[in-house]
Participant: 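This is the structure I want to talk about, given as structure tokens.
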Amino acid sequence: IYENMKRYSAEELRWAMDQTGLKPGDTVLVHSALQNLGLLANAGIKELPDRITDVLFQAVGPEGILLMPAFSYGFPQTRVCDLRTEHSEVGALTECFRQRPGVKRSGHPMFSICGAGKRAVDMICPDMAEHHPFLGPSVFERIHARNALVLFLGIGIRISTFMVYCECRHGVEYRYHKPFHGRVRLQTGCEVEGEFFHFCFPLAEGLRESYVRAEKQLLEEGILKRAPLGMGAVFGYRA
């Protein structure tokens, strides 16, 4: 099946990211669904996450900060989480990035963010527990303050967790703050016990978010940028 997938070059990937406004020195949060783009030229399927990460590092440059989600969803059941070893459940690219030397990880058991770069530690704060990822102080709040680029490789904004941060900031009435008490071991080895929050839907009522109308409007207004790549597209907007 992989042999029949369309291929794109590293240069085409850089071009697509440039169209979203990505510049050297930027802080960039990356969401991804690489299978929707196809395969990178001269790279096997197992090499793909590392090769894509290399291109992203080249794009942000030595002064930039590269961020990726490392979300995991077992904490509400287990009530324990070791962020030194907890796998990312949101794609091969994010799990590959999490394991790179020097990558920092923020202190929330469900919605941690990994980061690398010259000033990544200031964005991630790996030595601090993050009790609410959608309120301050949090990585998402710092992403907002820095006006970071939120970049989507192979998927639109329907998976944009930054949108949940926006909903929280605006106090939407269809979500609610839900605490989960437990123990979290930070990347630094320090263990913290307490309540860690999610900004939830009342799932018993069968509700789900949809950002289809938001995506359409943001594209029409030029806030969300789109560039074709491979079998899909790259999207980006400023926080």
Side-chain angles (χ1 to χ4, degrees), residues 27-34 49-50 52-54 56-57 60 64-146 148-153 159-165 167-168 175 177-200 239:
T27 297
V28 182
L29 172 65
V30 181
H31 289 285
S32 58
L34 298 183
D50 266 320
I52 294 292
T53 303
D54 289 341
L56 287 163
F57 272 124
V60 300
I65 301 173
L66 184 59
L67 306 171
M68 292 190 199
F71 302 162
S72 55
Y73 304 110
F75 186 72
Q77 287 74 45
T78 65
R79 303 303 176 103
V80 293
C81 176
D82 188 339
L83 290 167
R84 300 172 301 177
T85 57
E86 186 77 22
H87 289 191
S88 170
E89 297 179 18
V90 286
L93 183 66
T94 65
E95 177 62 7
C96 172
F97 182 65
R98 179 189 73 83
Q99 297 179 71
R100 282 211 170 195
V103 169
K104 308 300 182 184
R105 190 175 192 176
S106 66
H108 193 275
M110 293 175 281
F111 297 102
S112 66
I113 303 288
C114 285
K118 190 173 181 180
R119 302 177 308 280
V121 68
D122 297 330
M123 289 291 293
I124 297 297
C125 299
D127 58 344
M128 295 175 56
E130 187 175 283
H131 292 277
H132 204 313
F134 306 117
L135 293 175
S138 69
V139 180
F140 281 114
E141 184 181 61
R142 293 186 284 274
I143 286 170
H144 183 197
R146 193 180 284 267
L149 179 69
V150 187
L151 185 70
F152 305 85
L153 304 180
I159 62 163
S160 176
T161 315
F162 186 79
M163 298 291 281
V164 182
Y165 164 82
E167 290 171 320
C168 188
R175 288 184 181 269
H177 301 285
K178 183 172 183 177
F180 298 92
H181 190 91
R183 299 190 313 277
V184 175
R185 190 169 295 279
L186 304 178
Q187 189 184 44
T188 58
C190 178
E191 186 175 278
V192 179
E193 182 171 353
E195 290 187 333
F196 296 86
F197 285 81
H198 186 5
F199 194 40
C200 295

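By convention here, the first residue in the shown sequence is residue 1. Keep in mind that what you see is a predicted model, and the values were worked out from it rather than measured.
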Participant: Rounded to the nearest 0.5 Å, what separates atom OH in Tyr73 from atom OG1 in Thr78?
Facilitator: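 Answer rounded to 0.5 Å: 14.5 Å.
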
Participant: Enumerate, atom names and distances included, each donor-acceptor pair closer than 3.5 Å involving a side-chain atom of residues 189-197, sequence neighbours excluded.
Facilitator:
unit_1: Glu191; atom_1: OE1; unit_2: Arg185; atom_2: NH2; d: 3.0
unit_1: Glu193; atom_1: OE2; unit_2: His181; atom_2: NE2; d: 3.2

Participant: Less than 4.5 Å apart, any side-chain heavy atom of Leu67 and any of Ile124?
Facilitator: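 Yes, at least one pair of side-chain atoms sits under 4.5 Å.
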
Participant: Examine distances only and state if a side-chain atom of Ser112 and a backbone atom of Ala70 form a donor-acceptor pair shorter than 3.5 Å.
Facilitator: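 Confirmed, Ser112 side chain pairs with Ala70 backbone.
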
Participant: Taking atom CE of Met163 as the centre, report whether more than 12 heavy atoms of other residues, nucleotides or ligands fall under 6.0 Å from it.
Facilitator: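 Yes, because the 6.0 Å sphere around CE of Met163 holds more than 12 heavy atoms from other groups.
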
Participant: Can you find a pair of side-chain heavy atoms, one from Pro49 and one from Glu95, that are under 4.5 Å apart?
Facilitator: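 No, their side chains stay 4.5 Å or more apart.
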
Participant: Check whether Arg175 reaches the backbone of Phe199 with its side chain - one donor and one acceptor, N or O, closer than 3.5 Å.
Facilitator: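 Here the side-chain-to-backbone pair exists.
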
Participant: So do Thr188 and Arg84 actually touch side chain to side chain, heavy atoms under 4.5 Å?
Facilitator: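 No, every pair of side-chain atoms sits at 4.5 Å or beyond.
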
Participant: About how many Å separate CE of Met68 and OG1 of Thr53, when rounded to the nearest 0.5 Å?
Facilitator: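 Output value for this atom pair is 4.0 Å.
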
Participant: First locate atom SG of Cys125, then atom CZ of Arg105, and finally report the distance between them rounded to the nearest 0.5 Å.
Facilitator: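 One gets 15.5 Å once the value is rounded to the nearest 0.5 Å.
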
Participant: So, taking the atom named CZ in Phe57 and the one named CG in Leu66, what distance separates them when rounded to the nearest 0.5 Å?
Facilitator: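 Atom-to-atom, Phe57:CZ and Leu66:CG are 5.0 Å apart.
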
Participant: Would you mind reporting whether Val30 and Val150 have side-chain heavy atoms less than 4.5 Å apart?
Facilitator: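 Answer no - side chains too far apart.
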
Participant: Check whether Arg79 reaches the backbone of Arg183 with its side chain - one donor and one acceptor, N or O, closer than 3.5 Å.
Facilitator: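 Checking the backbone N and O of Arg183 against the side chain of Arg79, no donor-acceptor pair under 3.5 Å is found.
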
Participant: How close do Pro69 and Val90 get, heavy atom to heavy atom, and via which atoms?
Facilitator: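 Distance-wise, the nearest heavy atoms are O-CG2, 3.8 Å.
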
Participant: Where the side chain of Ser106 meets the backbone of Cys114, is there a donor-acceptor pair that is under 3.5 Å apart?
Facilitator: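 Judged by distance alone, no pair lies under 3.5 Å.
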
Participant: Are side-chain heavy atoms of Phe71 and Glu89 found at a separation under 4.5 Å?
Facilitator: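 Answer no - side chains too far apart.
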
Participant: Is it the case that the side chain of Glu130 and the backbone of Val139 share a donor-acceptor pair, with hydrogens and angles ignored and the cut-off at 3.5 Å?
Facilitator: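 Side chain of Glu130 to backbone of Val139, a donor-acceptor pair under 3.5 Å: yes, one is there.
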
Participant: Looking at Tyr165, Phe162, Phe140, which one forms a ring pair (Phe, Tyr, Trp, His ring centres under 6.0 Å) with Phe134?
Facilitator: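 Exactly one pass, corresponding to Phe140.
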
Participant: How far does CG of Leu93 sit from CZ of Arg98, to the nearest 0.5 angstrom?
Facilitator: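 So the gap between those two atoms works out to 13.0 Å.
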
Participant: Using ring pair (Phe, Tyr, Trp, His ring centres under 6.0 Å) as the criterion, point out the one residue from Phe111, Phe180, Phe75 that pairs with His198.
Facilitator: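 In the set Phe111, Phe180, Phe75, the residue that makes a ring pair (Phe, Tyr, Trp, His ring centres under 6.0 Å) with His198 is Phe111.
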
Participant: Run the side-chain contact (heavy atoms from CB on, under 4.5 Å) test on Leu153 and Leu34 for me, step by step, so that the C-alpha distance in whole Å, both residues' side-chain angles and the decisive distance to 0.1 Å come before the verdict.
Facilitator: CA-CA 6 Å; Leu153 304 180; Leu34 298 183; 4.3 Å; yes

Participant: Mind checking side chain to side chain donor-acceptor pair (under 3.5 Å) for Asp50 and listing every partner two or more places apart, or none if nothing turns up?
Facilitator: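 Side chain to side chain donor-acceptor pair (under 3.5 Å) check on Asp50 returns Arg100.
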
Participant: I'd like to check Leu29 versus Leu149 (side-chain heavy atoms, cut-off strictly below 4.5 Å). Are they in contact?
Facilitator: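 With C-beta onward as the side chain, the pair stays apart.
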
Participant: Heavy atoms only: give me the nearest Cys168-Leu135 pair and the separation to one decimal.
Facilitator: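 Minimum heavy-atom separation between Cys168 and Leu135: SG-CD2, 3.5 Å.
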
Participant: Answer yes or no: is there a side-chain heavy-atom contact under 4.5 Å between Leu151 and His31?
Facilitator: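 Not touching, per the 4.5 Å side-chain cut-off.
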
Participant: Just wondering, do Glu86 and Cys81 contact through their side chains at under 4.5 Å, heavy atoms?
Facilitator: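 Yes, their side chains come closer than 4.5 Å.
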
Participant: Could you grab the distance from atom OG1 of Thr94 to atom CD1 of Ile113, nearest 0.5 Å is fine?
Facilitator: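 Thr94 atom OG1 to Ile113 atom CD1 measures 10.0 Å (nearest 0.5 Å).
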
Participant: Show, in sequence, the C-alpha distance, side-chain angles and deciding distance for Phe152 and Ser160, and conclude whether the side-chain contact (heavy atoms from CB on, under 4.5 Å) test is met.
Facilitator: CA-CA 8 Å; Phe152 305 85; Ser160 176; 3.6 Å; yes

